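Note sheet for the following structure.
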Amino acid sequence: MAVHPTEVIGPDLVQGIAFADLPDGGKLVGHSGNEQVLLVRRGAEIFAVGATCTHYGGPLVDGLVVEDSVRCPWHHACFDLRTGEALRTPAFRPLACWLVEQRDDRIFVGEKRKRTAPKPRVGGSDPVPEKIVIVGGGAAGFSAAEMLRREHYQGSIVMLSNDEAPPVDRPNLSKDYLAGKAPEDWIPLRGESFYSKNNIDLRLNANVARIDVRSREVVLADGTSTPYDKLLLATGAEPVRLTLPGADQPHVYALRSFADCKAIIERATTAHIAVVIGASFIGLEVAAALRSRKIEVHVVAPDERPMERVLGPQMGDFIRTIHEENRVVFHLQDTASSIDGRKVKLSSGGTLAADFVVAGIGVRPRIGLAEKAGLILDRGVLVNAFLETSAPDIFAAGDIARWPDPHSGENIRVEHWVVAERQGQAAALNMLGHREKFEAVPFFWSQHYDVPINYVGHAERWDEIAVDGDIAAKDCLLRFKREGRTLAVASIFRDVESLQAELEMERQMAS
């Protein structure tokens, strides 16, 4: 959810501040007219950029300066201090930049600089493809198309999406938008004019039947075909559907698409009680959002505690507590056996009333097209460090891709929004022949009422969780370790330390 300050704060930077008020490495927020400006000093250089992240409005003054960039403390977007360019998702839009002048030991902010398109990278090793096809309209597909045009690619881009809506900000569907705290016009990643303006042929409700690797064509269910020189598979994942009796009733939902979310919201307007099946991140974010709508919520899950598999027992207990403090009722170590009208029957023998049911029992990668095309699979589509599949000129990114993670030394597949966006960008660069390895540290965030949880790295297994701080006090950082080595870090209100952990993992990979 974007945040816009209602009044300016800090000194008037047009009138200037003393050079001594901005120490080397320091940050300061002031204003130029009615716009907030962040000043950053690195040695003798002073940078002036927009003060809030263009993703959700995070305060960049609370972030981390790394060389000539600044990283957002909320969701780890990164911006170039010289140009304002969004170097890392989840931000795509650049920061505004201002001219800076130093005279008489004072710093003055001048006119806003005219925004210029970023310069394309140089040195692609392959001939530039004429036709690029992207299968998928989610995070990876959108970010690939956006990066291709940002890099001044002039060829054809066809994006085939089986969704009815243009690419949306999916994390918001289980968070602020579902809770009624974000307007609908914040949900699209870009307005429809973005695609026409950038000559991106976005085809909605386009169902791909198969990929003809030999003839280099994507064949649609209606029999038409689209040729490609380079192809990106970004088909994402689909919710695991309930298979129990009664799960096919119209008041039983899964949450993946914009349409799913709107249907749940419409049902919630007249409902009083809901059952969420599954204590996953999505399931519990849905529970929190529905509590914001004053709906009674029961959560049914087979786990001993929520999210223990990802965050460990201590954090699992804490998450259960904050939901119970918000009057969510848990039915753990139990499962639903059937849905009979407005009643959910439990395996334990109990029965829960439910005006509607939301299933959050996980997702599975949509690898059917890859399998039919003969690509090598390994619980996902196997790719190399450049996100290339086993077939020439076919790349994969996002929830379907299993890639060699340089930090853990393992092949991993991660179902996280920011990872998908960053892989889409990397795939775009590699389709243009830049040969850039995907080495980003995985990152995701989850929101439960007023508690944000940030997670960097990836730890499928660990033998130690080192806790710094107090989990119950919502002030903590947890390190997930295996054989003494930190594989992942989870934190609550330790934003700079989360960024520092991400940076440390990047430096370990580079060394």
Side-chain angles (χ1 to χ4, degrees), residues 58 62-67 69-78 88-90 171 279-281 284-285 303-323 402-419 422 438-511:
D62 295 334
L64 187 66
V65 174
V66 182
E67 297 176 346
S69 69
V70 61
R71 303 189 183 194
C72 176
W74 286 3
H75 306 127
H76 294 210
C78 180
R88 296 184 181 186
T89 65
S280 64
F281 283 102
L284 290 187
E285 287 178 355
D303 318 87
E304 182 180 349
R305 50 177 64 87
M307 291 190 276
E308 180 177 8
R309 184 182 62 81
V310 177
L311 296 175
Q314 295 151 293
M315 191 74 92
D317 286 337
F318 165 74
I319 290 169
R320 175 176 180 170
T321 297
I322 60 174
H323 280 275
R402 184 172 294 276
W403 83 96
D405 173 38
H407 181 61
S408 65
E410 301 172 349
N411 284 345
I412 64 173
R413 188 181 66 81
V414 174
E415 296 160 354
H416 298 325
W417 183 253
V418 175
V419 172
R422 292 178 180 177
F438 180 73
E439 297 181 328
V441 176
F443 168 80
F444 75 86
W445 80 94
S446 186
Q447 185 78 27
H448 303 262
Y449 311 99
D450 63 341
V451 180
I453 300 172
N454 282 1
Y455 184 102
V456 294
H458 184 72
E460 294 186 9
R461 295 174 290 110
W462 61 81
D463 53 35
E464 178 190 358
I465 301 177
V467 179
D468 178 24
D470 187 337
I471 297 175
K474 306 173 186 176
D475 175 24
C476 62
L477 185 139
L478 286 71
R479 298 183 183 274
F480 298 82
K481 299 182 177 184
R482 190 164 71 235
E483 298 177 355
R485 184 163 176 264
T486 298
L487 297 178
V489 170
S491 61
I492 299 173
F493 292 123
R494 294 281 188 97
D495 291 340
V496 172
E497 289 175 71
S498 178
L499 287 168
Q500 289 169 335
E502 181 182 55
L503 180 62
E504 177 62 26
M505 291 179 191
E506 291 169 7
R507 288 173 171 168
Q508 287 174 0
M509 290 188 291
S511 61

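Because the structure is a prediction, the values reported are computed rather than measured.
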How about [X] and [Y]: do any of their side-chain heavy atoms sit closer than 4.5 Å?
| X | Y | result |
| --- | --- | --- |
| V456 | S498 | yes |
| L311 | F318 | no |
| R485 | H407 | yes |
| P442 | I412 | yes |
| F444 | V418 | no |
| Q500 | L64 | yes |

Over all atoms of both residues, closest heavy-atom pair of [X] and [Y]:
| X | Y | answer |
| --- | --- | --- |
| M505 | A488 | CE-CA, 3.8 Å |
| P73 | G63 | CD-CA, 3.7 Å |
| Y455 | A490 | CD1-CB, 3.9 Å |
| E285 | S446 | OE2-OG, 2.6 Å |
| D450 | F493 | O-CZ, 3.4 Å |
| V441 | G457 | CG1-N, 3.5 Å |

Just verifying a value: how many Å separate [X] [atom1] and [Y] [atom2], rounded to the nearest 0.5 Å?
| X | Y | atom1 | atom2 | result |
| --- | --- | --- | --- | --- |
| E460 | R309 | CD | CZ | 8.0 Å |
| I319 | I492 | CD1 | CD1 | 7.0 Å |
| N454 | E497 | CG | CD | 12.0 Å |
| M307 | R320 | CE | CZ | 13.0 Å |
| T89 | F443 | OG1 | CZ | 10.0 Å |
| R479 | S491 | CZ | OG | 10.0 Å |

**Complete:** Tested for side-chain contact (heavy atoms from CB on, under 4.5 Å) against H75, the lone hit among P171, P452, P90 is P90
**Request:** Show the numbers, then the answer: is there a side-chain contact (heavy atoms from CB on, under 4.5 Å) between T486 and E504?
**Result:** CA-CA 10 Å; T486 298; E504 177 62 26; over 6 Å; no
**Request:** Just jot down the side-chain hydrogen bond (donor to acceptor under 3.5 Å, both in side chains) partners of Q447, sequence neighbours excluded, or say none.
**Result:** none
**Request:** Check side-chain hydrogen bond (donor to acceptor under 3.5 Å, both in side chains) between D62 and all other residues, then give those that pass, not counting sequence neighbours.
**Result:** none
**Request:** Kindly write out the residues that satisfy ring pair (Phe, Tyr, Trp, His ring centres under 6.0 Å) with H448, not counting sequence neighbours, or none if the list is empty.
**Result:** H323
**Item:** R482: partners by salt bridge (charged side-chain N to carboxylate O under 4.0 Å, His left out), with sequence neighbours left out
**Value:** E410
In residues 462-473, what donor-acceptor pairs under 3.5 Å come from side-chain atoms, sequence neighbours left out?
from, atom 1, to, atom 2, distance (Å)
D463, OD1, E483, N, 3.4
D463, OD2, E483, N, 2.9
D468, OD2, R494, NH1, 3.2
D470, OD1, A472, N, 3.0
D470, OD1, A473, N, 3.2

**Asked** With sequence neighbours left out, what residues match S280 under side-chain contact (heavy atoms from CB on, under 4.5 Å)?
**Response** I282
**Request:** Take I453 and F281 through the test side-chain contact (heavy atoms from CB on, under 4.5 Å) and record every step on the way to the result.
**Result:** CA-CA 11 Å; I453 300 172; F281 283 102; 5.5 Å; no
**Item:** Check against side-chain contact (heavy atoms from CB on, under 4.5 Å), H76 and L499
**Value:** CA-CA 7 Å; H76 294 210; L499 287 168; 3.5 Å; yes
**Request:** For R402 and N411, indicate whether the former's side chain and the latter's backbone hold a donor-acceptor pair under 3.5 Å.
**Result:** yes
